[in-house]
Protein chains: 2
Amino acid sequence: MNLITRNTDYAIRALCYIVKSNKDIVSVKELVEGLKMPRPFLRKVLQELNKKGILRSYKGKNGGFVLATRPENIYISKLIEIFQGPIKLQEHTFKKKICPEIKSCVLKKKIDEVENYTILKVNSLSIASLLKTGK
Amino acid sequence: MNLITRNTDYAIRALCYIVKSNKDIVSVKELVEGLKMPRPFLRKVLQELNKKGILRSYKGKNGGFVLATRPENIYISKLIEIFQGPIKLQEHTFKKKICPEIKSCVLKKKIDEVENYTILKVNSLSIASLLKTGK
DNA sequence: TGTAATGATACTATAACAGTATCTTTATGT
DNA sequence: ACATAAAGATACTGTTATAGTATCATTACA
Ligand code: FES
Ligand code: FES
């Protein structure tokens, strides 16, 4: 099981790269060279970040991407939500009720606790905080 | 994302059923009727539990399954391990190192914390403890 | 107006998960 | 003995999420 899928991971690393680069604008070309990712996949990821207002894109020659949100305000939780949807660790709440006593079920409660803990953790992490300790 | 997959879930509920039934031996037929699960899938699950020493099976007419381990000693963590392998929430440790600074990476550390918390939770739950509060 | 960039979108590949189908083996009741 | 009802073993199929590719349209600069 993977808490963070490939596209979210690429997003995180691309954003970190853009911040660290200290450039006015960063193109996909540069990102691919710097981060060794498959170009078309990364492009899709960046386009999504643009749509969601995390990045701002510029088309045409010398185009590329610029941060549209300050690194302190880009939370990992937000990125996960964009690429993977809301964090949830169990399905049986809305799928067919496979558990006989869904309200009192201890197992469900425990998993809810894990879920809350997970959300807490990813909420406490921003792109900025990743870079701070990374250097 | 699902912390507990269908086969693990079926295993949990089948084991609970067997304990609650208070019978000498329980057949797949009865389990299917009581729990409304697809018979061939449940059979596969039970066979696995037999192989792993959680259940003991009896072949032939009037055959079926019996608990081979006391409910207090059947941990959810064990069942997860049997059907889903060891609990891990990130892959990038052994897959190609996509993170530039894997040792100092804050993200990895946080996910490790979530992982440990998760393991703690499922280690604290046994079939017996599920039934205690379930009644 | 050519070119180098992104936007949009449809397609393909892979793997994990979920479930089925079929045949073999074993024990039991008659 | 033997029909029958159980589990064992194993191979196959369907479905979904993830990962990645391919193509064409649009835009802006020089
Ligand atoms: S709510 Fe699903 S097992 Fe209890
Ligand atoms: S170790 Fe994978 S993102 Fe840091």
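Please read all numbers here as calculations on a predicted model, not as lab measurements. When reading the values below, keep in mind they use all heavy atoms of this one structure, side chains included, and skip hydrogens, waters and symmetry mates.
Side-chain atoms of B:Lys44 lie closest to D:dA11 of the nucleotides D:dC29, D:dA11, D:dA19. Closest to the side chain of A:Lys59, out of D:dC29, D:dT26, C:dG29, is D:dT26. Nearest nucleotide to the side chain of A:Phe41, out of D:dG20, C:dG29, C:dT9: D:dG20. Here the nucleotide nearest the side chain of B:Pro38, chosen from D:dA5, C:dT20, C:dT6, is C:dT20. Of the listed nucleotides (D:dG8, C:dT6, C:dG19), C:dT6 has the atom at the smallest distance from the side chain of A:Val28.
Counting any heavy atom pair closer than 4.0 Å across all strands shown, A:Pro40 reaches a base atom. At the heavy-atom level, A:Lys51 lies under 4.0 Å from the strands shown only through sugar-phosphate atoms. Contact annotation for A:Arg39: base contact, defined as any heavy-atom pair under 4.0 Å involving a base atom. Across all strands, A:Gly60 comes closer than 4.0 Å to base atoms (heavy-atom distances).
For B:Asn2 and D:dT18, the CG to C1' distance is 15 Å, given to the nearest whole Å. Distance, B:Leu3 CG to C:dA16 P: 18 Å, rounded to whole Å. The CE-P distance, from B:Met1 to C:dA16, rounds to 16 Å in whole Å. For the pair A:Leu49 CG and C:dA8 P, the interatomic distance rounds to 14 Å; values are reported in whole Å. Counting to the nearest Å, the P atom of C:dT20 and the CG atom of B:Leu42 are 12 Å from each other. Following rounding to the nearest Å, A:Phe83 (CZ) and D:dG20 (P) show an atom-to-atom distance of 13 Å. Taking atom CD of B:Glu30 as the reference point, atom C1' of D:dA7 lies 16 Å away to the nearest angstrom. Nucleotide D:dA5 holds its C1' atom 8 Å from the CG atom of B:Asn62, rounded to whole Å.
In terms of position on DNA chain D, the residue among A:Thr5 and A:Lys61 whose nearest nucleotide sits closer to the 5' end is A:Thr5. Checking A:Leu46 against B:Gln84, the closest nucleotide of DNA chain C that is more toward the 5' end is the one next to A:Leu46.
For the pair B:Asn50 and D:dG8, the criterion of a side-chain N or O lying under 4.0 Å from OP1 or OP2 is met. Taking only side-chain nitrogens and oxygens, B:Tyr10 never comes nearer than 4.0 Å to OP1 or OP2 of C:dA18. Residue B:Asn7 has no polar side-chain atom (N or O) positioned under 4.0 Å from OP1 or OP2 of C:dC17. Under 4.0 angstrom from either OP1 or OP2 of D:dG8 there lies at least one side-chain N or O belonging to B:Ser57.
Across every non-hydrogen atom of B:Ile25 and B:Gly63, the tightest pair is CD1-C, 3.7 Å.
Between A:Tyr117 and B:Tyr117, the angle of the ring planes stays under 30°, which puts this pair in the parallel group of the 30/60° scheme.
Under 3.5 Å, the side chain of A:Arg43 and the base of C:dG7 form at least one donor-acceptor pair of N or O atoms.
Side chains of B:Phe83 and B:Val45 form a contact here, defined as non-hydrogen atoms less than 4.5 Å apart. Between B:Leu31 and B:Met37, every side-chain heavy-atom pair lies at or beyond the 4.5 Å cut-off.
In this structure, B:Ile12 is a member of the same hydrophobic cluster as B:Val19, with clusters built from ILVMFWY side-chain heavy atoms closer than 4.5 Å. Note: the hydrophobic cluster containing B:Tyr75 does not contain B:Ile18 (ILVMFWY, side chain heavy atoms under 4.5 Å, direct or indirect links).
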